[in-house]
Structure formats: structure tokens, C-alpha cells
Student: 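Pasting a structure below so you can have a look.
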Amino acid sequence: MAKIYRNIAILTGAGISAESGLATFRSSNGLWNNHKVEDVASIEGFQHNPALVHDFYNNLKTEIQQAKPNAAHLALTKLQKEYPAEINIITQNVDTLHEKAENQNVFHIHGQINQAVCLNCGQVLEAWGDVDTETVCPHCQVMGMMKPNIVFFGENLLCMDKVEDILRKCELFISIGTSGVVYPAAGFVQLAKYYGADTVEFTLDTTANNYLFDKHIFGKAGETLPPYIEELIKNAE
Ligand code: APR
């Protein structure tokens, strides 16, 4: 008799957006969109060259705005609509493809590309347009203190209060498209397992924390996730 879960937690990484044409972080050349991650996703890199970092994310915004959700994102929408459980999505991705696919309960622990934060007053603003060292904060009117609302290495994650609760309550933990090398996100599976969840990973390559998963489904998530979700839904009918 197949198990029916009342609470499912999903963790996504860059791999779920790969089939939408967006670059993953640790592909073969080890660069993210031709930059070293530490140059464009660290506090030191931002302080050293804010113009380069702003330019990087301004270009990435255009690419992300044009990207479309793929079959994996849409399979999550189907799961949330047709499976009788609380289903939360914790994403490491700064793209908005989960939102474009109408996924619900999405928590961006590494921030979002379409937001900027003012380092002077702390206000988080919607920012699909270019942000740079000349941008004036519309809230406190200070110029040059805007930063992409992306969590850089060295900064705290967002939504962690909600994430702890999600991991404690979930009965099934599904990881999709993440290499499992960046903590604390890479440790979420361990926490879910500690609280008794079944754990499944969807990935192309062997992940760094694969030993913590009960099940491994290798392949492109756009191809492997839909049939898995169909099966989950059928088992709950
Ligand atoms: N389907 C499923 N998995 C895929 C696909 C695909 N089409 N393409 C790639 N993958 C897998 C890879 O096998 C790898 O396990 O997705 C994972 C991508 O790993 P990373 O590039 O390391 O991306 P991610 O795990 O999201 O990185 C975590 O690191 O640099 C920081 O903040 C950044 O959020 C990012 C974090």
C-alpha cells in the first residue's frame, strides 16, 4: 500500500531551472555565467567592485525575465493542485520561475533577482529594472546604497524561521536540482530525515549529500519529475 503524505517539503536548486535555459553554478567550467561565484555573490566581491556586481545582476535580470518555467516547475503546480497535503517549496534559486509556474508557498532563502535592498534603511524593493551605484533609494532618498536582494556568501539566509518549521513537519522531503554542497541548504535533508521524513533527490549527477537520500532519481527533472508526481497523485486517489 503506497504511503500518503500529509506534508511535503520541496528544496530546489539551479538544476530545476536548467531546462529553462538558465545556468547552473557548478557546471563543467566552474563559472556562473562566466564569472567566479565569489566575485559576484560575496560581500567582499560587492564591496571590491559594486559596479561589476550590479552589471552582472542587471544582465541576469533580462535573461531571467525571458525564461519560461519548464515541465518540472509545472509538475509542482500539478502536485500542489491535486495532492491532498500541505506542500511548501524552499528554493535556493533567485529566478522567479516557480512564481511564473504559479507554484504556491515558495520561500526564496537566497533572495530574488527582481528585488533590491537598501543598505541604509533596510527597505526591500521590487526592482526588475537596472540597479547601480547611482540608484537612489525611493524610501530614504540615499544614493548608492542599493544592493541586489541576493543573499551573498557571508550573509544570513532569508525565511529561515519558516524553513525550520517546514522541515520539522514534513513527511516527504524532495530535493530537485541541487548539488548539495552549499550549507545550510545542503543540510536541510538531514534535518527532515531526523524528524522522520522520507527523502528523495532528483539530480543529473551524484550529489555531495546523496547518502542522506532514501531514493535517487537521475535524469533531467523536466522528464523525471512529472511521472513521479503522477504516481504520487494516483496513489492518493
Ligand atoms: N535536472 C535535474 N538536475 C539537474 C539538471 C536538470 N535538468 N541540470 C543540472 N542538474 C543538477 C546537477 O546535477 C547539480 O546536482 O542540479 C545541480 C546544480 O548544482 P549547482 O550548480 O551547484 O546549483 P545549486 O545546488 O542550486 O547551488 C546552490 O550555490 O552558488 C550558490 O547561491 C548559489 O543557490 C546557489 C547555491
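Position 1 is the first residue of the sequence, and the numbers go up from there. Start at 1 and go down the list; that is how both ligands and their atoms are numbered.
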Student: Side-chain polar contacts of residues 37-46 - donor-acceptor pairs under 3.5 angstrom, sequence neighbours left out - could you list them?
Tutor:
{"unit_1": "Ser42", "atom_1": "OG", "unit_2": "Glu38", "atom_2": "O", "d": "2.6"}
{"unit_1": "Ser42", "atom_1": "OG", "unit_2": "Gly45", "atom_2": "N", "d": "2.8"}

Student: For Phe202, what residues pass the ring-ring contact (aromatic ring centres under 6.0 Å, His included) criterion, not counting sequence neighbours?
Tutor: Tyr228
Student: Return all side-chain donor-acceptor pairs below 3.5 angstrom for residues 144-152, not counting sequence neighbours, or 'none' if the list is empty.
Tutor:
{"unit_1": "Lys147", "atom_1": "NZ", "unit_2": "Ile150", "atom_2": "O", "d": "2.8"}
{"unit_1": "Lys147", "atom_1": "NZ", "unit_2": "Glu155", "atom_2": "OE1", "d": "3.1"}
{"unit_1": "Asn149", "atom_1": "ND2", "unit_2": "Gln115", "atom_2": "OE1", "d": "2.7"}

Student: Check whether any side-chain heavy atom of Glu102 lies under 4.5 Å from a side-chain heavy atom of Gln80, and answer yes or no.
Tutor: no
Student: Which heavy atom of Lys193 sits nearest a heavy atom of Thr199, and at what distance?
Tutor: NZ-OG1, 4.0 Å
Student: So, do Thr203 and Phe218 sit near enough that their side-chain heavy atoms are less than 4.5 Å apart?
Tutor: yes
Student: Write 'none' if nothing qualifies; otherwise put on separate lines each N/O atom of ligand 1 with a protein N/O atom under 3.5 Å away and their distance to 0.1 Å.
Tutor:
{"unit_1": "ligand 1", "atom_1": "1 (N)", "unit_2": "Ala221", "atom_2": "N", "d": "2.9"}
{"unit_1": "ligand 1", "atom_1": "7 (N)", "unit_2": "Glu19", "atom_2": "OE2", "d": "2.9"}
{"unit_1": "ligand 1", "atom_1": "13 (O)", "unit_2": "Thr203", "atom_2": "OG1", "d": "3.2"}
{"unit_1": "ligand 1", "atom_1": "13 (O)", "unit_2": "Leu204", "atom_2": "N", "d": "3.4"}
{"unit_1": "ligand 1", "atom_1": "13 (O)", "unit_2": "Asp205", "atom_2": "N", "d": "3.0"}
{"unit_1": "ligand 1", "atom_1": "13 (O)", "unit_2": "Asp205", "atom_2": "OD2", "d": "2.6"}
{"unit_1": "ligand 1", "atom_1": "15 (O)", "unit_2": "Thr203", "atom_2": "OG1", "d": "3.1"}
{"unit_1": "ligand 1", "atom_1": "16 (O)", "unit_2": "Gly177", "atom_2": "O", "d": "3.2"}
{"unit_1": "ligand 1", "atom_1": "19 (O)", "unit_2": "Ser179", "atom_2": "N", "d": "3.4"}
{"unit_1": "ligand 1", "atom_1": "21 (O)", "unit_2": "Phe25", "atom_2": "N", "d": "2.7"}
{"unit_1": "ligand 1", "atom_1": "21 (O)", "unit_2": "Arg26", "atom_2": "N", "d": "2.8"}
{"unit_1": "ligand 1", "atom_1": "22 (O)", "unit_2": "Arg26", "atom_2": "NH1", "d": "2.6"}
{"unit_1": "ligand 1", "atom_1": "22 (O)", "unit_2": "Ser179", "atom_2": "OG", "d": "2.6"}
{"unit_1": "ligand 1", "atom_1": "25 (O)", "unit_2": "Thr178", "atom_2": "OG1", "d": "2.7"}
{"unit_1": "ligand 1", "atom_1": "25 (O)", "unit_2": "Ser179", "atom_2": "N", "d": "2.9"}
{"unit_1": "ligand 1", "atom_1": "25 (O)", "unit_2": "Ser179", "atom_2": "OG", "d": "3.3"}
{"unit_1": "ligand 1", "atom_1": "26 (O)", "unit_2": "Ala14", "atom_2": "N", "d": "2.8"}
{"unit_1": "ligand 1", "atom_1": "27 (O)", "unit_2": "Arg26", "atom_2": "NH1", "d": "3.0"}
{"unit_1": "ligand 1", "atom_1": "29 (O)", "unit_2": "Arg26", "atom_2": "NH1", "d": "3.2"}
{"unit_1": "ligand 1", "atom_1": "29 (O)", "unit_2": "Arg26", "atom_2": "NH2", "d": "3.0"}
{"unit_1": "ligand 1", "atom_1": "30 (O)", "unit_2": "Arg26", "atom_2": "NH2", "d": "3.0"}
{"unit_1": "ligand 1", "atom_1": "32 (O)", "unit_2": "His110", "atom_2": "ND1", "d": "3.2"}
{"unit_1": "ligand 1", "atom_1": "34 (O)", "unit_2": "Gln92", "atom_2": "O", "d": "3.2"}
{"unit_1": "ligand 1", "atom_1": "34 (O)", "unit_2": "His110", "atom_2": "ND1", "d": "2.9"}

